[in-house]
Amino acid sequence: MNAYSKTPLLDTIRTPDDLRKLKIEQVRQVADELRQETIDAVSVTGGHFGAGLGVVELTTAIHYVFDTPRDRLIWDVGHQAYPHKILTGRRDRIRTLRTGGGLSGFTKRSESDYDPFGAAHSSTSISAGLGMAVARDLSGGKNNVIAVIGDGAMSAGMAYEAMNNAGAMNSRLIVILNDNDMSIAPPVGAMSAYLSRLYSGKTYRTLREAAKQINQRLPKIIANRANRVEEYSRGFMMDGGTLFEELGFYYVGPIDGHNLDHLLPVLKNVRDMETGPILVHVVTQKGKGYGPAEASADKYHAVVKFDVATGTQAKAKPNAPAYQNVFGQSLVKEAEKDDKIVAITAAMPSGTGVDIFNKAFPDRTFDVGIAEQHAVTFAAGLASEGYKPFCAIYSTFLQRGYDQIVHDVAIQNLPVRFAIDRAGLVGADGATHAGSFDNAYLGCLPNMVIMAAADEADMVHMVATQVAINDRPSALRYPRGEGRGIEMPEIGIPLEIGKGRVMRQGSKIALLSFGTRLAECEKAADELAALGLSTTIADARFMKPLDTELVLKLARDHEILITIEEGAVGGFGSHVAQFLTDQGVLDTGMVRFRSMVLPDVFQDHDTPAAMYGRAGLDAKGIVAKVFEALGKDVKAETVKLA
């Protein structure tokens with residue numbers, strides 16, 4: 001053991017089995033050292049931060065009390081699981097978090113037996129936990145299943161669907177509600193207010209038998225203090241019970257999630273209860289134990305690398321505006337001219353740029369919480385009354401509202417405007433957050449206009465275009481990160497629907513780009529020109545309706561036509577191929593057609609540049625695809641020219 005280590009006790013723990021060998025009075029030291037290690041690790045890697053600090057004691061207590069991984073521990077979302085990873089055999093790799101080949105920033109089944117269920121979207125834990133509990137019962141097992149879910153995740157309907165089902169089935173499942181009153185943005189809606197009333201309520205139902213049962217299992221030193229017993233059995237409410245009891249859960253709490261003297265005995269009691277389901281309400285503080293995080297409005301929800309002493313984050317100044325900010329600023333300008341414009345987001349105001357709109361028009365901004373299904377249909381209701389709702393949701397989260405897009409928006413032809421952020425690959429968050437599928441899942445819907453911004457300047461015009469489209473739904477997709485640093489228009493001018501643009505005229509090769517791969521197409525065209533291949537570059541702008549005139553011209557005037565997009569198979573390239581085959585263009589062999597899409601795999605996290613390189617969607621990949629279509633070897637051709 002290193003005599004100079006800041007974490008001498010933690011250094012002795014490789015897995016929770018080692019933790020469980022310690023005396024109960026040593027657990028506090030483990031938690032303190034675990035917090036220090038989490039701070040040090042994330043200062044090097046960046047990543048989700050505040051949520052993990054808030055559950056250090058809870059993580060330590062759960063692994064100390066329960067027999068993980070035989071007892072199944074499910075972290076909702078999984079972004080708070082860095083301390084869990086440190087305790088479960090992954091400490092030696094914790095400084096590889098969210099880097100290529102390193103640990104995932106979320107729970108991941110393929111990474112560890114201690115991650116029985118992978119997650120990165122919220123509100124899945126209770127459903128998955130109930131499935132595991134029923135599987136255990138069917139198999140005659142005895143292990144525990146514990147789902148840890150935040151109060152923000154409780155704003156999603158799926159959590160209530162699962163609780164309703166669990167309560168009706170009476171299966172032995174433990175749900176820990178980690179109430180930190182802060183789910184990325186301040187919590188919204190009735191749930192937060194309800195929990196606040198719960199804390200301050202003065203009338204309790206005694207349920208003496210339950211209190212006795214808990215009392216009998218408490219250590220003597222605590223059991224002798226009657227007021228402690230009342231604290232642990234607090235929350236057995238008057239007049240029909242709490243919301244959780246109405247759903248069939250045995251409610252325990254609220255308890256201080258940073259006080260191990262409270263946490264450990266309660267978790268032991270809950271572990272040993274033979275009935276279920278049980279809900280333990282734990283109150284924690286996001287960012288706990290790190291001053292700069294505690295003082296920050298977002299509790300350092302997600303950070304880049306930072307200085308531990310000061311909390312200063314080492315963010316390089318961007319050379320260009322972030323796409324989400326361009327969206328927010330453009331929408332403000334449009335809303336100044338049109339009082340029917342409103343903005344909707346699902347718990348991601350800063351991530352989508354809606355926070356910018358909110359500062360200008362707070363009464364016209366609606367954050368509905370983690371409830372994408374509701375967000376879409378809420379927008380449809382607004383649209384049906386003549387308003388112009390912009391529903392700003394990440395591509396990967398919009399997947400959750402798909403039936404609502406079809407049933408409530410598209411079939412009724414309502415002009416909901418979808419602003420789809422994080423389109424394409426996102427880097428460190430990996431497959432769970434990649435916006436890979438929206439081209440495919442929206443492209444098949446009648447009545448939908450689909451645009452992709454090639455750069456930040458064109459995006460301004462596309463926001464204006466969405467404002468002008470008032471007879472059908474529309475979608476504008478744009479990536480995470482900064483634009484290209486080009487000159488920005490003062491005002492947005494609506495584009496002609498379904499019309500692309502030719503950016504560079506050539507004669508032999510045609511590259512038809514949809515989205516921000518246009519910059520890579522330009523680099524590829526330069527390389528091809530150096531190899532003697534004259535190349536046309538076109539920006540489709542619209543996937544639906546497709547610029548059929550442009551597609552036909554490119555196909556007829558070039559030997560090779562290649563589409564490039566930041567999306568999975570079934571998107572833009574598929575629509576172009578469908579049109580070309582319907583027109584019989586490919587029957588004659590006058591043009592060789594290829595479509596470049598994301599590979600048919602879930603790509604692991606890395607930098608966006610590395611991920612696109614692996615996907616073959618960078619300039620090098622485009623040049624290689626051209627030579628593949630020509631039936632030539634790019635290396636051989638390069639050597640010839642040299």
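For the single chain, residues carry numbers from 1 onward in sequence order.
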Review item, side-chain donor-acceptor pairs of residues 422-429, under 3.5 Å, at least two apart:
residue : atom : partner : partner atom : Å
Arg422  : NH1  : Gln324  : OE1          : 2.9
Arg422  : NH1  : Gly351  : O            : 2.8
Arg422  : NH2  : Tyr394  : OH           : 3.2
Asp429  : OD1  : Arg98   : NH1          : 2.6

### Message
Looking at Arg109, I'd like to know if its CZ atom is crowded, meaning that more than 12 non-hydrogen atoms belonging to other residues, nucleotides or ligands lie closer than 6.0 Å.
### Response
no
### Message
Under 3.5 Å, is there a donor on one side chain and an acceptor on the other for Asp115 and Thr107?
### Response
no
### Query
Residues two or more places apart in sequence or in another chain: which of them pass salt bridge (charged side-chain N to carboxylate O under 4.0 Å, His left out) with Arg556?
none
### Query
Can you tell me if CG on Asp587 sees more than 12 non-hydrogen neighbours from other groups inside 6.0 Å?
yes
### Query
Can you tell me if Gln466 and Ser474 form a side-chain donor-acceptor pair at under 3.5 Å?
yes
#### Entry: Partner residues of His605 under the ring pair (Phe, Tyr, Trp, His ring centres under 6.0 Å) criterion, sequence neighbours left out
none
#### Entry: Any donor-acceptor N/O pair, Tyr478 side chain to Met459 backbone, under 3.5 Å
no
### Query
With the threshold set at 4.0 Å, does a side-chain nitrogen-carboxylate oxygen contact exist between Lys85 and Glu111?
yes
### Query
Is any side-chain N of the basic residue among Glu549 and Lys499 closer than 4.0 Å to the acidic one's carboxylate O?
yes
### Task
Kindly state each residue pair satisfying side chain to side chain donor-acceptor pair (under 3.5 Å) with at least one member in residues 559-571, sequence neighbours excluded.
Asn439-Glu565, Lys508-Glu559, Thr516-Glu566, Arg517-Glu566
### Message
Please determine whether the number of non-hydrogen atoms from other residues, nucleotides or ligands lying under 6.0 Å from atom CZ of Phe579 exceeds 12.
### Response
yes
#### Entry: ring pair (Phe, Tyr, Trp, His ring centres under 6.0 Å) partner of His79, chosen from His433, His84, His301
His301
Side-chain donor-acceptor distances from residues 532-541 under 3.5 Å, at least two apart:
residue : atom : partner : partner atom : Å
Ser534  : OG   : Ser507  : N            : 3.0
Ser534  : OG   : Ser507  : OG           : 3.3
Thr535  : OG1  : Leu533  : O            : 3.1
Thr536  : OG1  : Gln505  : NE2          : 3.3
Thr536  : OG1  : Gly506  : N            : 2.7
Thr536  : OG1  : Gly506  : O            : 3.1
Thr536  : OG1  : His558  : NE2          : 2.7
Asp539  : OD1  : Arg541  : N            : 3.2
Asp539  : OD2  : Arg501  : NE           : 2.9
Asp539  : OD2  : Arg501  : NH2          : 3.0
Arg541  : NE   : Asp458  : OD1          : 3.3
Arg541  : NE   : Asp458  : OD2          : 2.9
Arg541  : NH2  : Asp458  : OD1          : 2.7

### Message
Can a donor-acceptor pair be found, under 3.5 Å and without considering hydrogens, that links the side chain of Ser123 to the backbone of Ala153?
### Response
yes
### Summary
In this structure, CG of Leu414 is separated from CZ of Arg472 (nearest 0.5 Å) by 14.0 Å
### Task
Decide if atom CG of Asp113 counts as having more than 12 heavy atoms of other residues, nucleotides or ligands within a radius under 6.0 Å.
no
#### Entry: Non-neighbouring partners of Asn447 that pass side chain to side chain contact (heavy atoms under 4.5 Å, CB included), sequence neighbours left out
Asn413, Pro473
#### Entry: Sidechain-backbone polar pair: Glu456 side chain, Met488 backbone, donor-acceptor under 3.5 Å
no
### Query
Below 4.0 angstrom, N of the basic side chain to O of the carboxylate: do Lys388 and Glu334 qualify?
no
